[in-house]
Amino acid sequence: MRWSRSLIPTLKETPAEAENKSHVLMLRAGMIRKLGSGTYSYLPLGQRTLNKITAIVREEMDAAGALEVLMPALWPAEIMARSGRLEVFGDDLIRFTDRHGRQGVLAPTHEEVITALVRDNVASYRQLPLNLYQIQTKFRDEVRPRFGVLRTREFIMKDAYSFHADQESLEETYRDMHDAYCRIFERCGLDYVVVEAESGAMGGARSEEFMVSSSVGDDLYLECAACGYAANAERAEVGAPPSAAERKADPQLREVPTPGASTVAQVGGMLGVAPEQIIKTLIYRADGRPVAALVRGDHELNEAKLARALGAKSVEAADAETVESATGAPVGFAGPVGLEGIEMVADPAVLRIENGVTGANRAEAHLVGVVPGRDFQPGRIEDIHTASDGDPCPRCGEAMKLSHGIEVGHVFQLGTKYSKLLNATFLDASGRERPYVMGCYGIGVNRIAAAAVEQLADERGIVWPPAIAPYEVVVVPLDMSDEKIVAAAEEAYEALRQVGADVILDDRRDRPGVKFKDADLIGFPLRVVVGKGYLKSGELELQVRRDGSQSDVPPGELGGRVRAMLEQLVRLLDPPEV
RNA sequence: CGGGGCGUGGCGCAGCCUGGAUUAGCGCGCCAGCAUGGGGGGCUGGAGAUCGCGGGUUCGAAUCCCGCCGCCCCGACCA
């Protein structure tokens, strides 16, 4: 491609709306332009990157035995009404009414359609397992689209769905998909972490997310550097806290007035104690029955963990009436001391508090000098707080690190949830009718591009991993009025095309500075410069965007050298073996 | 949904509070020309704006008032 024939509107200045790295740089590099909130056009450069990503995704999906299909994005609303997800998605669903007054939606994900498709066209276990995927635009009316292409209302997703006769078969495909995902993200040059994810209420279901560490990531996950345990913050288990040293103090339990102070922050402020010393007592309803859940003041109760610990189907915060009848005090003054007639679950961290503060079960009063074990005895001790930075790893006990991450992929064992809901069954070998066991697997295509920019960009601009760069190499003639230079650049361009390199020739009649700045901004992995040096020595300069290194190359060796360097760059970008 | 902010040539901004002389200004980009050719450089001359939309106040509105629309940020929500 000749630069002068393409459409690459680079920007010197940052558009006011852009905040984070990938948004600013993709806009400035002329890859994307915004149409409305959360909707973007991809210009030639942006589309090339997207195409490279989808090509990698296709290759790996096909290699893993998945079959590509294409389903509609435009649905009659009743499809989702039938599965009950009209309510589940709620306002996230983009709805419309057509000319006949029929209700429609734009597809946010495809479980219903694929399940019905397989139900109606597959009937026997002989055809299983079956793994179908598509690469297609999804629509979600995000409450707040943000961070450029990272969170949009319209995005490209690779979604795959697998159908099995049994759990064992599902697990095999699940592993294959997991491995294919690892290869995809490695090939895309991303440094990623696979984290355990919250699987929801359905027991047995497994789920993992693929995270790219980034400060603009919307997800939180914990990682243990010592043993490699990693999990989404909602999911992460917390190991036992280090065993308490001998108690130094034996504080006296007494009640103090705390008028108007009902939150941890207020109580802490009024009594001059740190949140870590406060025992937060939360009254919940687990399948209807009230329970008291105790966590440290600086910790957050994790409802999924509480439900699991109690073996409850659902837990919800109790209403004010329940709280009052259970504790005898208004909301905000509950405490474990003297609390009777209600099941009590305490987080292990609570038991390490030496001199605690907690509600007195009386309005406007708290207890100080509380010693767990001495002043109250919880019925159960369970990990029920949401993991936070520094919490001990559940496997090895080392401190875990909390990071923000961009979720670029997600694999999930669905089980029979949708097949049962939609009555999708097959006949097994003994002629029995059984629901499909299903898995689903998603990848955010645009997000991979944005995540790569977030992760690798430097002060000069984007640094593309070669596999997803819009062009692998740019040839830059520095003086378009010099025939020798132009001729040499044309030859280099041809030579690179001959060896199959993805190359663009910057044939604009601009000054060198403009060309260098643009090349840096867009982030082509390699740059071939033809200028004074060539006139003197007859050699071309080969420059590496990533580290700024350069070397002289005789024109005859250019093709081979570029190929070799691109391969080397791919290896440099490989994440360390996990 | 709550809070904050913004809409002025393609982009970044000024002007608005204290209506009128600014012909709506500046920088970047764009077009033509000259010189230049190793990091967004210089000179000359141009093109390009119904000041988000609608209504109102006024002799007069980019500027004041009302309504609407769009966009951004923080938070809540959601996966």
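Labels below follow one simple rule: chain letters A, B, ... track the order of the sequence lines, proteins then strands, and each chain is numbered from 1. Keep in mind that the numbers below use all heavy atoms, side chains included, and drop hydrogens, waters and symmetry copies.
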Just checking [X]: base, sugar-phosphate only, or nothing, at a heavy-atom cut-off of under 4.0 Å?
X: A:D482; result: nothing
X: A:G90; result: nothing
X: A:S481; result: base
X: A:K515; result: nothing
X: A:D91; result: nothing
X: A:D520; result: base

G-U wobble or Watson-Crick pairing nucleotide for B:G7 (cut-off 3.5 Å, both distances):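 Across all strands, the one nucleotide that pairs with B:G7 is B:C69.
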Base-pairing mate for B:A62 - Watson-Crick or G-U, with both contacts under 3.5 Å: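 By the stated definition (distances under 3.5 Å), nothing pairs with B:A62.
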Check ion pair A:K484-A:D482 (N to O, under 4.0 angstrom):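 No, no charged N to carboxylate O under 4.0 Å.
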Electrostatic pair A:D458-A:R545, nearest N-O below 4.0 angstrom: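 Yes, A:D458 and A:R545 are salt-bridged.
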Ring-face cation of A:R48 near A:Y471 (centre distance under 6.0 Å, axis angle within 45°):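 Output yes; distance and angle both within limits.
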Phosphate contact (B:G38 OP1 or OP2) by A:K532 side-chain N/O below 4.0 Å: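 The answer is yes; a side-chain N or O of A:K532 sits under 4.0 Å from OP1 or OP2.
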